[in-house]
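All of these numbers come straight from a predicted model, not from anything done at the bench.
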Amino acid sequence: MAGEKFTITLEGHGLASGFPHERVLVALERAQGFGQLKDLPLKLPVGCRRGGCGVCRVRVTQGDFHADPMSRAHVSAEEEASGLVLACCIYPRSALSMRLETPVVIKEKCRKAAQLSEEETSWP
Amino acid sequence: MAMTGVLRPGFIQVRVLDMPAAVEHYTRRVGLHQVTEGADGRVYLKSAEEFDHHSIILRRAEQAGVDFIAFKVAADSDLDSFEKRVKDYGYAVDHVAAGEQPGVGRRIGFTIASGHRIELFAQAELSDPKPPIHNPDIWNLEPHGMAARRFDHALFYGPEIEKVLDFFTTVLDFKCAERVDMPDGLLAIWLTAGMKAHDIAFVKHPEPGKLHHLSFDLENWQAVGHAADIITRYDISIDIGPTRHGITRGQTIYFFDPSGNRNEVFAGGYTYYPDLPTRTWDETQIGKGIFYYERQLNPAFLSVVT
């Protein structure tokens, strides 16, 4: 892939190579395919890859990125500002460091869903 | 006329995070046409193989997922009789005025035990493009993209699907074509209002009101292969396939729209008659039921929804 290459550190698991126009999750999937990510609790959590389902959530601890829209059912605007994002919706602008923060507990998702504005998902 | 009451799925309203990306996906890739855009920004789409005004509504929102599915009934008077039956069953019914969506008559709506909103309508204007009806060619407008022929069905995830099954069969006169029974109870149901193997399906899930996928009918297995070529060419996020479902026997691909809503394109499936028995699956063969060739569920099947 053309363009500058950035090192993406998945803390505790290994390194991936990312590119400015490539979703970070895609870089992580490729690194997993090459065996570069060790000791994952599970296979790397991958869902819709387009910001809707929330399973690839990570916390970016270092570095710059830009982001596509992601579903507020899984990441609030405040959380996004603090670096909690969906890996499928971010693109690196520098080397990045992050850790997995996947919403493994479905109960937690239910609690969050209930808290979200009724207005947004209820129709009419 | 043998078919009365609820005829078929009419339209589904889907929430999207990025409207231009969604419109490009559903028109240029899936192969639909944009009919119009409403004053409130909702975008109305249809296949050139469909007569009614639209079958897909896209609504820009901060969360992906589904607002509701609407079924078409045979006559306007059916709306009154179904309203009475739904109310007698114990669910509240609300009214949506004609014209709330362009080209669509009055609707009634109600929320079922799984948390999903269901609507019924009887009247829709025709819109272009639509199939010719006098000395009709196969198509007037050459198919494009995946060449979706119609919005066919949806699979919803939510709790209390035993109640959903009872409601659809006793109040809306659907039949259960297939079901999956696990040791801890009913897991999934495929329901039909007509002669397709399914018009709507439900899988048990703790969160209410979730969308697993909306599905488009393709002409044949060759078209499913062409859709797979498009998915790779345009870097559309793939879930699984091309493969086949044991349940309904459809030949299928699951993929995701730009907001993460799962789409299916499929071909085939058996014909259902209302006198046929319900086909059943148990925990030993559920993998084959869902994905006939892989013979196991992929990790996303039960966990990735919007």
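- The CG atom of B:Asp235 lies 9.0 Å from the CZ atom of A:Arg49; values are rounded to the nearest 0.5 Å.
- Chain A forms more heavy-atom pairs under 4.5 Å with one residue of B:Gly209, B:Ala21, B:Ser259, B:Gly109 than with any other, namely B:Ser259.
- The distance from atom SG of A:Cys48 to atom CD1 of B:Ile238, rounded to the nearest 0.5 Å, is 13.5 Å.
- When all heavy atoms are compared, the tightest approach of B:Val304 to A:Gly47 is CG2-CA, 3.6 Å.
- With values rounded to the nearest 0.5 angstrom, B:His212 atom NE2 is found 10.5 Å from A:Cys53 atom SG.
- Interface remark: B:Asp257 contributes backbone atoms only to the contact with chain A (heavy atom separation under 4.5 Å).
- Crowding of B:Lys163 atom NZ: a count of heavy atoms from other residues, nucleotides or ligands under 6.0 Å not exceeding 12.
- Going from atom CG of B:Leu17 over to atom CZ of A:Arg50 covers 12.0 Å, rounded to the nearest 0.5 Å.
- At most 12 non-hydrogen atoms from other residues, nucleotides or ligands lie less than 6.0 angstrom from CD of A:Gln62.
- A:Ser71 contributes atom OG, which lies 8.0 Å from atom CZ of B:Arg15 (distance to the nearest 0.5 angstrom).
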